[in-house]
Every structure is written in structure tokens, then in C-alpha cells.
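Read through the structure below, which is laid out as C-alpha cells, and then see the notes.
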2 protein chains.
Amino acid sequence: MANSSRINEAPPAAVAEALKRLGRNIRTARLRRKLRMQDVAERIGASRYTVADIEKGKPGTSMAAYAGALWALGLLDTMNELADPDRDEEGKTLESVRSPKQAPRRRKLDNDF
Amino acid sequence: MANSSRINEAPPAAVAEALKRLGRNIRTARLRRKLRMQDVAERIGASRYTVADIEKGKPGTSMAAYAGALWALGLLDTMNELADPDRDEEGKTLESVRSPKQAPRRRKLDNDF
DNA sequence: CATCGATGTTTATTTGAAGCAACGTATAAC
DNA sequence: GTTATACGTTGCTTCAAATAAACATCGATG
């Protein structure tokens, strides 16, 4: 990354916690399968240091690295439900009759929410 | 070569597809909530270009950016099941009686798996 | 309890992610 | 149809993600 964005430098607590839990889950799955960090690294074409970052829940590490780790462990299918529109009940309620391809226009000094 | 890892440059097809689906899901959720890319960007402290990358499923974009987008849309809880050890039936089967904190040692020329 | 591989940590280096500005296109609101 | 805004895309700059080497520590296994 470059100009350091807040989401990577200091993510909201809920996000940071979610990443740490994901990292712990990935580590648990790896150890259950008796694989070394390097084994996972080789399967996804990365270094063992990147796998270590994933298991620490490092925010700035790439999405592909995380997804690749899941893939290497045979857990990629657990990603399919992520933000699944069919399960997004709140979203379905909010949706209007039509499905716009763009967000609605805002007035210049629209300071809502 | 420093920053270029295969997982970011050319992820496995299954991983690339999972990321694109996730990006589409996030876009659907955003539009249902009638938010602009910039609205989501401001909530997570990033630029609209990063949100655009997320919705395209760009592999190299940070995990925190993806998780932050889910958080901004109230969908972070869908991440809790990711690689959940309790649901990892294959992992539980593979696990030995004890839970080692390290992967087993390998011989030097161990070329298995 | 000794060995040696797995993992943590540091440092240095390189490359690409992220920001930003600018321009063009698409679309929704009128 | 007109217009203001959302979105797509490109080129450029900046700085952190990723790598690798080196060393320390942890821990599985005999």
C-alpha cells in the first residue's frame, strides 16, 4: 500500500478482531492438517512470512493471500456465504422495487448519517 | 522481486472467482443501502478507488479493506464463520488426540503431498 | 534432556498498492 | 431531452507489503 489508509493502519476494533479470529482459525486448520507454514506458502506461491502475517491477522496483507490460505486448506467454500445477497435480509428490506445500477444522487451539502 | 507473489499476480482460478463473487456481493449490498462508493470509502477511511477495486475483486487489495467494506455495510458478522474450527469437519477428523502447537518435523528430502 | 526442525523477529531491499487528479461515460433525477 | 452526479479508467507519486537472510526461541520427538 502506499499513502497509508486508515483502514490498514488503524482498522475499527471490530474489524481488527475479526481478522485476528480469522488468523487463529486458519492456524488451527493448518495444524489439524499437520502442515507447516512453508507448506501452505508453497501451495499459494508466497513466502512463509506472509503466512505468518495471515495467522497474526495483519490488516494490510492482501485479500488474495488470505483467500489463498483458505484455498490451500480446502476451506475456500466457506467464503461463498460472505455477504451473500440472498442472506442479506436487511439489504433486501432496504431495496426499492427497482434495482438501480448507481447510488442515488446527493445534494451538494448533504451531510446526512 | 520483492512485492510480487504468485498469489497476488495470478491467483488460482477458484480464488479469483471467489474474490469476484465477493466483490459483486459487496456492490449489491452497497446499492441496496443506497450508498455511493465514496460513502463506504469515508466510513472506512479509504478512497473511492479502493472501494472500486474491492467491488472488482482485485486480488492485491488489503484484507482490511475488504473486511472494512463488510463492516461499513453491517455485514461483518458474516465473516465469523470463515474457517470456523467448529465447522471444519475434515479438520476435526484429521486432528490427532493431542493438539500440537507446531507442525510435525520433516526430514530433509521429504517430498510428499 | 538433547537435538533439530518449526516458528518468531529483525533488517535491508524492491515492487506494487493506494492516493490523487483528470478526463470520459453512464445513469438518475428533473 | 438536459443536467448534475456516480462511476470507470489512466498516469503519476509515495510508501508499505512481500521477500530473503540471519539469528533467537519454542517445542516435538527420540
Side-chain angles (χ1 to χ4, degrees), chain A residues 1-11 19 23-24 26-28 30-31 33-42 44-66 68-69 96-110, chain B residues 1-11 19 23-24 26-28 30-31 33-42 44-66 68-69 95-110 112:
Chain A
M1 5 181 189
N3 235 340
S4 99
S5 57
R6 205 174 69 229
I7 190 63
N8 290 324
E9 269 189 2
L19 294 187
R24 284 196 306 269
I26 289 174
R27 166 176 279 246
T28 298
R30 175 179 64 80
L31 290 175
R33 287 159 179 76
K34 305 196 188 328
L35 296 172
R36 296 171 301 166
M37 287 180 170
Q38 186 165 354
D39 295 326
V40 175
E42 285 171 1
I44 67 180
S47 72
R48 74 179 178 93
Y49 310 101
T50 298
V51 176
D53 286 341
I54 292 168
E55 296 190 353
K56 272 187 284 190
K58 190 177 172 186
T61 298
S62 79
M63 182 67 199
Y66 278 86
S96 55
V97 185
R98 291 180 310 116
S99 297
K101 298 179 179 178
Q102 248 183 218
R105 294 164 68 182
R106 300 286 176 88
R107 295 281 173 183
K108 280 182 182 177
L109 293 178
D110 195 346
Chain B
M1 301 221 310
N3 202 358
S4 76
S5 58
R6 205 176 68 232
I7 191 63
N8 288 326
E9 275 188 359
L19 294 188
R24 285 196 306 270
I26 289 175
R27 166 176 279 247
T28 299
R30 175 179 64 81
L31 290 175
R33 288 160 177 76
K34 305 196 189 327
L35 296 172
R36 296 170 299 166
M37 287 181 169
Q38 185 166 350
D39 295 326
V40 175
E42 286 172 359
I44 66 179
S47 73
R48 72 179 180 95
Y49 310 101
T50 299
V51 176
D53 286 340
I54 291 168
E55 296 190 355
K56 272 186 284 189
K58 191 176 171 186
T61 298
S62 79
M63 182 67 200
Y66 278 87
E95 190 166 32
S96 56
V97 184
R98 292 180 310 113
S99 298
K101 297 179 179 179
Q102 250 183 216
R105 296 164 70 184
R106 301 284 177 88
R107 296 280 173 185
K108 282 182 179 177
L109 294 178
D110 195 346
D112 64 347

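This structure is a prediction, so every number in the text was calculated from the model and none was measured. Values reported hereafter were calculated over all heavy atoms of this structure, with side chains retained and with hydrogens, waters and symmetry mates removed. Naming: A, B, ... by sequence-line order, numbering from 1 per chain.
- A:Gly68 approaches A:Ile44 most closely through the heavy-atom pair O-CG2, 3.2 Å.
- Between the CD atom of B:Glu9 and the P atom of D:dT19 there is a distance of 11 Å, given to the nearest Å.
- The NZ atom of A:Lys34 sits 15 Å away from the C1' atom of C:dA6 (whole-angstrom rounding).
- Applying the 4.0 Å criterion to OP1 and OP2 of D:dA18, one finds that B:Asn8 has a side-chain N or O inside that range.
- Counting non-hydrogen atoms under 4.0 angstrom, B:Arg6 reaches nothing in the nucleic acid.
- Residue order along DNA chain C, read from the 5' end via each residue's closest nucleotide, puts A:Glu55 first among B:Lys58 and A:Glu55.
- Take the nearest nucleotide of DNA chain C for A:Lys56 and for B:Gly60: the residue whose nucleotide is more 5' is A:Lys56.
- Put simply, CD on B:Gln38 is 12 Å from P on C:dA21, counting in whole angstrom units.
- Distances were taken from every side-chain heavy atom of B:Ser47 (C-beta onward) to each of C:dT7, C:dC20, D:dC7; the shortest belongs to C:dC20.
- Here A:Arg27 reaches the OP1 or OP2 of C:dG8: one of its side-chain N or O atoms lies under 4.0 Å away.
- Between B:Ser62 and C:dA18, a side-chain N or O to OP1/OP2 separation shorter than 4.0 Å is present.
- The shortest heavy-atom contact between B:Asn8 and B:Gly60 is OD1-CA, 4.0 Å.
- One N or O donor and one acceptor, one from the side chain of B:Arg48 and one from the base of D:dG8, sit under 3.5 Å apart.
- Separating the CD1 atom of B:Ile54 from the C1' atom of D:dC7 is a distance of 15 Å, rounded to the nearest angstrom.
- In this structure, B:Leu19 and A:Met63 have side chains that are in contact, with non-hydrogen atoms separated by less than 4.5 Å.
- Comparing atom distances between the A:Leu31 side chain and each of D:dA18, C:dT7, D:dC7 picks out C:dT7 as nearest.
- Summarising the geometry, the separation between CG on B:Leu19 and C1' on C:dA17 is reported as 15 Å, rounded to the nearest angstrom.
- Of all nucleotides listed (C:dG19, D:dA18, D:dG8), D:dG8 comes nearest to the side chain of B:Ala52.
- Between the side chain of A:Thr28 and the backbone N or O of A:Arg24, at least one donor-acceptor pair lies under 3.5 Å.
- One can find a donor-acceptor pair under 3.5 Å joining the base of D:dA21 and the side-chain atoms of A:Tyr49.
- Of the listed nucleotides (C:dT7, D:dG8, D:dA18), D:dG8 has the atom at the smallest distance from the side chain of B:Met37.
- Taking CG of B:Asp39 as the start and CZ of B:Arg48 as the end, the distance is 12.5 Å to the nearest 0.5 Å.
- Counting to the nearest Å, the P atom of C:dG5 and the CG atom of A:Leu35 are 18 Å from each other.
- Contacts of B:Ala65 with the nucleic acid, taken as non-hydrogen atoms under 4.0 Å apart, are absent.
- Separating the CG atom of A:Asp53 from the P atom of D:dA16 is a distance of 15 Å, rounded to the nearest angstrom.
- The phosphate of D:dA6 (OP1 or OP2) has no side-chain N or O of B:Arg30 nearer than 4.0 angstrom.
- Nearest nucleotide to the B:Arg36 side chain, out of D:dA6, C:dT7, C:dG16: D:dA6.
- OP1 or OP2 of C:dA18 sits under 4.0 Å from a side-chain N or O of B:Thr61.
- One can place CD1 of A:Ile7 at 16 Å from C1' of D:dA17, the figure rounded to the nearest angstrom.
- When each of D:dC7, C:dG19, D:dA18 is scored by its nearest atom to the side-chain atoms of B:Thr50, the top-ranked nucleotide is C:dG19.
- Here the side chain of B:Arg27 pairs no donor or acceptor atom with the backbone of B:Glu55 at under 3.5 angstrom.
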